[in-house]
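Worksheet for the structure shown next.
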Amino acid sequence: MVSSSTSDRASLSRPFSNSFMSPDLAACVTLYTRNQPEGCGTLSRDKQTGVIVEYEDSGWEPPNEGFFVVLLRESLLNKTTVDIILEKNRKGLQGILVTNETLSSGSIQNNPSATRPRGRRTASQDFSYGNPYDWNPSGDGLAQLDFKGIPMVYLRENSVGDYLQQEVKQNDRSQSIKASFKYYMGPIDSDMNSVECLQWRDTSNDEWKPKCLPLGGNSVWGRVGNNNNNRRLEENVEKPILLVASNLDGTALFHDLTFAANQAASNILTMILVSKLLGQVSDLSSTNKDIVLTLFQGESFGYLGSRRFLLDIMGFECASDPVQSVSGKKNDYDPLACLYPLRPSLEFTNLGGQNIAGMLAVDQVGVLVEKNNFYFHADYSEAGKSMSKILEALSDEDSYTISEDVVEGNDDDDNFSDDTSTIPPTPLTSLLSLSDGEIGGAVLSGYKEGFVPTHGSRHDTYDQLDYSAIAAAATTVARAAVAAAIFDDDSEDEDELNNAVAFALEQIPNALTASDETLIEVAGCLTIDANCKLLKQYARMDAETEQDRTGIRTQIGIPLGRSDKNELEQVEPNYYVSVLSRWSGQPFVSVGNSPYGAYKPEDDTWKQYGQHKTDAFSVQPTLLEQAVRGLFNDFLGRPANSNNLKVCESTSQCSQVKYCSTPANAICTGGKICVCGPQAHYHVALDEDIEATQNEYPGFFTVLGKSEKSALYTEPNWDSGVGVQIFVDDGSSTLGW
């Protein structure tokens with residue numbers, strides 16, 4: 001066996017080493033949508049094997065006969081090239097190997113995402129809002145292509161690709177260099193879609209055996225200014241809510257290479273810093289709006305997090321009477337829950353979703369197309385106009401300007417309207433879509449007129465980020481949120497605007513810088529080393545607190561980076577959303593020690609929830625989701641005078657703190673201090689047209705049929721032992737797996 005990890009071992013000619021048994025690679029995978037498949041994979045469980053030939057240019061011709069595998073340099077990987085490869089001798093084509101090239105971000109001219117992300121010709125197109133516009137002008141849509149039975153993988157190690165290119169060119173054909181793909185990811189015929197695979201039944205016994213799982217996870221949200229005396233509970237204050245929002249996920253052609261430094265990490269970092277700044281504001285009691293911070297999961301795949309959250313707070317209906325989320329505990333602070341549709345916490349119902357004031361969204365602020373200049377994109381609603389005034393008033397603070405980016409949209413499109421704004425695809429899109437444009441806001445971004453070329457590609461890496469810009473973005477967003485919470489959206493009074501901005505600057509007088517300790521530490525985790533101590537520390541404490549609360553085993557969730565690496569080894573983060581399952585984000589209820597995705601007793605013989613003291617609701621989030629919630633709790637849960645916070649190792653040690661409304665309303669954070677809370681909560685991110693099936697174990701989902709517009713992304717169950725082997729075939733060797 002030959003290791004591909006070092007160049008001096010990249011050889012197919014060493015004794016007893018006629019095969020690269022398991023090269024380090026990342027795969028283009030199959031996804032199903034409501035209507036059709038996307039992506040790559042083999043036609044069946046049989047291996048697809050062929051002689052390796054190199055693609056050189058557009059005049060390339062494949063072998064006239066036999067089976068072959070194309071070796072493709074990364075710099076040539078685009079939809080035009082792939083279309084050429086797929087069109088020529090498709091019957092002989094068995095797979096594509098993409099070689100790693102060292103390409104600088106400045107040399108990237110195209111990316112595989114759609115020209116209109118989540119817009120026209122994508123599975124999410126019916127959820128877009130505003131005038132059509134090419135927000136991703138460098139995109140060619142390769143990630144949405146159905147490869148129709150052709151697998152494609154990316155060879156991570158430069159040495160392996162370089163070696164293969166050299167050998168293929170020099171090979172005298174007396175010995176064939178071949179690649180064999182085993183990448184069956186479910187049926188990929190044109191009739192297969194998410195509805196079919198979720199409902200699939202075994203024809204031999206009619207047993208329900210779903211062939212896929214929905215994409216999803218958990219969004220994280222937290223209310224600002226509720227950390228000292230539980231003001232909302234005690235005074236029953238009903239205020240409109242201002243949402244400050246961004247995304248937790250990103251996308252790339254090869255899902256394991258979703259580094260998404262600007263697309264996701266810069267937004268997450270900004271929001272964490274915003275929570276730090278807003279948590280330090282001494283008094284928000286005089287505001288007209290409550291500020292709610294939200295980081296939505298699954299936004300890249302049909303706005304999973306934002307639409308589910310907004311729909312739920314606007315009008316969730318529990319089909320059963322709400323119950324205590326932990327049956328053995330009955331107090332005013334443990335959240336209520338719903339058995340069907342299952343929600344492990346109904347805390348979101350206290351947000352007053354019928355009275356959303358607006359939203360300030362954060363998008364890709366880590367790369368500025370113009371030095372020291374942000375852009376905002378506002379819609380025509382009252383909230384959009386109000387937020388525009390506030391952002392313009394905050395311009396030129398701390399050496400950064402904030403300019404409005406007025407994009408007209410493509411007026412040659414049938415859906416163009418002079419009365420509709422043009423807004424980039426962000427959580428604000430969901431709010432505008434669900435409110436028919438009545439409730440809007442603005443998007444703060446680093447781009448003008450369109451995304452940077454590295455968007456949605458593996459080249460969206462940390463080396464292009466401007467951490468001073470991220471610090472400035474966090475300061476701007478925090479100040480804008482405070483000003484917007486004070487300012488009356490309907491006001492035309494310039495003095496009121498100036499007073500609101502002055503109040504925000506008074507509450508947050510000092511701008512963050514790139515030398516901020518929190519920024520440096522969190523940035524290192526989110527962009528360079530997903531194995532960092534900080535994320536694990538906060539995730540572990542969140543897991544332990546939840547396990548102590550519910551009595552159900554909860555642990556650190558799925559890693560942010562590769563799981564096949566040593567936990568002490570530096571690992572690049574990966575922001576692909578993944579699938580929803582019992583051990584990956586799906587909420588469930590334990591009734592009589594049996595887990596269910598949702599529960600409704602069919603008759604009196606069924607166990608009733610609450611009959612056993614162990615009955616409780618739980619969820620196993622990912623490490624990223626746990627860490628974000630832990631950090632939100634830490635920063636938003638500190639009381640106004642936070643100089644003498646109690647040190648702790650577990651939440652049980654916070655039972656006697658005196659600076660929270662009650663001892664039961666205190667938790668220990670990953671920072672090992674007792675804070676008031678929890679202030680942050682999970683909310684399931686799941687396509688709005690499916691729910692977990694009642695009385696079934698987690699992993700079974702019912703298609704509701706209420707929406708024919710949702711993207712309904714699912715990922716099929718992979719065959720066991722997927723991978724690629726590269727070997728020399730001298731006519732005498734056989735390939736085992």
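We're numbering straight along the sequence, starting at 1.
- Checked against the 6.0 Å centroid criterion, the rings of F348 and F309 do not qualify as a close aromatic pair.
- Judged by distance alone, the side chain of N695 and the main-chain N or O of K600 form a donor-acceptor pair under 3.5 Å.
- Between Y609 and F617, the distance from one ring center to the other falls under 6.0 angstrom.
- F301 pairs with exactly one of L712, T33, D249, T714 by the side-chain contact (heavy atoms from CB on, under 4.5 Å) rule, that one being D249.
- Just one residue in the list V628, L295, N247, L631 forms a side-chain contact (heavy atoms from CB on, under 4.5 Å) with M271, and that residue is L295.
- Across A692 and Y340, no two heavy atoms sit closer than the pair O-CE1, 3.5 Å.
- A salt bridge is defined here as a Lys NZ or Arg NE, NH1 or NH2 lying under 4.0 Å from an Asp or Glu carboxylate O, and E207 with R201 fails to meet this definition.
- Under a 4.0 Å N-O distance rule, the pair D689/R34 qualifies as a salt bridge.
- The line from CZ of R582 to CD of Q620 is 7.0 Å long, rounded to the nearest 0.5 Å.
- Legend: residues meeting side chain to side chain contact (heavy atoms under 4.5 Å, CB included) with C648, ordered by chain and number and at least two apart, are Q653, C654, C668, C674.
- Remark: the Y682 side chain and the D542 side chain contain an N/O donor-acceptor pair separated by less than 3.5 Å.
- Under the 4.0 Å criterion applied to side-chain N and carboxylate O atoms, K672 and D634 are not assigned as salt-bridge partners.
- With sequence neighbours excluded, the residues forming a salt bridge (Lys or Arg N to Asp or Glu O under 4.0 Å) with E546 are R549, R629, listed by chain and number.
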Please evaluate residues I673 and K646 with respect to the criterion side-chain contact (heavy atoms from CB on, under 4.5 Å), reporting the C-alpha separation (whole Å), side-chain torsions for both, the decisive distance (0.1 Å), and the verdict.
CA-CA 6 Å; I673 56 172; K646 182 177 179 180; over 6 Å; no

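- Judged by the 6.0 Å and 45° rule, R118 forms a cation-pi pair with Y303.
- Remark: side-chain polar atoms of T622 are paired, donor with acceptor, to backbone N or O of E625 under 3.5 angstrom.
- Panel note: side chain D436, backbone L432; no donor-acceptor pair is recorded below 3.5 Å.
- At distances below 3.5 Å, not a single donor-acceptor pair connects side-chain atoms of S275 with backbone N or O atoms of F632.
- A donor-acceptor pair is defined here as one N or O able to donate and one able to accept, closer than 3.5 Å; no such pair exists between the side chain of T550 and the backbone of D548.
- Under the 3.5 Å distance criterion, the side-chain polar atoms of E696 are left unmatched by any main-chain donor or acceptor of Y596.
- Q547 CD to S618 OG: the interatomic distance, rounded to the nearest 0.5 Å, is 8.5 Å.
- The two residues S581 and L213 have their closest heavy-atom pair at CB-CD1, 4.0 Å.
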Determine whether V220 and T294 satisfy the following criterion, side-chain contact (heavy atoms from CB on, under 4.5 Å), listing intermediate values before the conclusion.
CA-CA 6 Å; V220 182; T294 53; over 6 Å; no

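- Comment: E688 engages R307 in a salt bridge, judged by a side-chain N to carboxylate O separation of less than 4.0 angstrom.
- K239 contributes a side-chain N or O that, together with a main-chain N or O of T287, makes up a donor-acceptor pair within less than 3.5 Å.
- When the shell of 6.0 Å around CG of D202 is examined, it contains more than 12 heavy atoms from other residues, nucleotides or ligands.
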What verdict does the side-chain contact (heavy atoms from CB on, under 4.5 Å) test give for Y599 and K607, after you've listed the backbone C-alpha separation in whole Å, the side-chain angles of each residue and the deciding distance to 0.1 Å?
CA-CA 10 Å; Y599 194 70; K607 296 175 182 177; 3.9 Å; yes

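- When all heavy atoms of N267 and Q263 are compared, the closest pair comes out as ND2-O, 2.9 Å.
- E715 places no side-chain N or O within 3.5 Å of a backbone atom of C212 that could act as its donor or acceptor partner.
- The two residues Y129 and G437 make their nearest non-hydrogen contact at OH-CA, 3.3 Å.
- No donor-acceptor pair closer than 3.5 Å links the side chain of N633 to the backbone N or O of P678.
- Judged purely by atom type and a 3.5 angstrom limit, W221 has no side-chain atom pairing as donor or acceptor with the backbone of F296.
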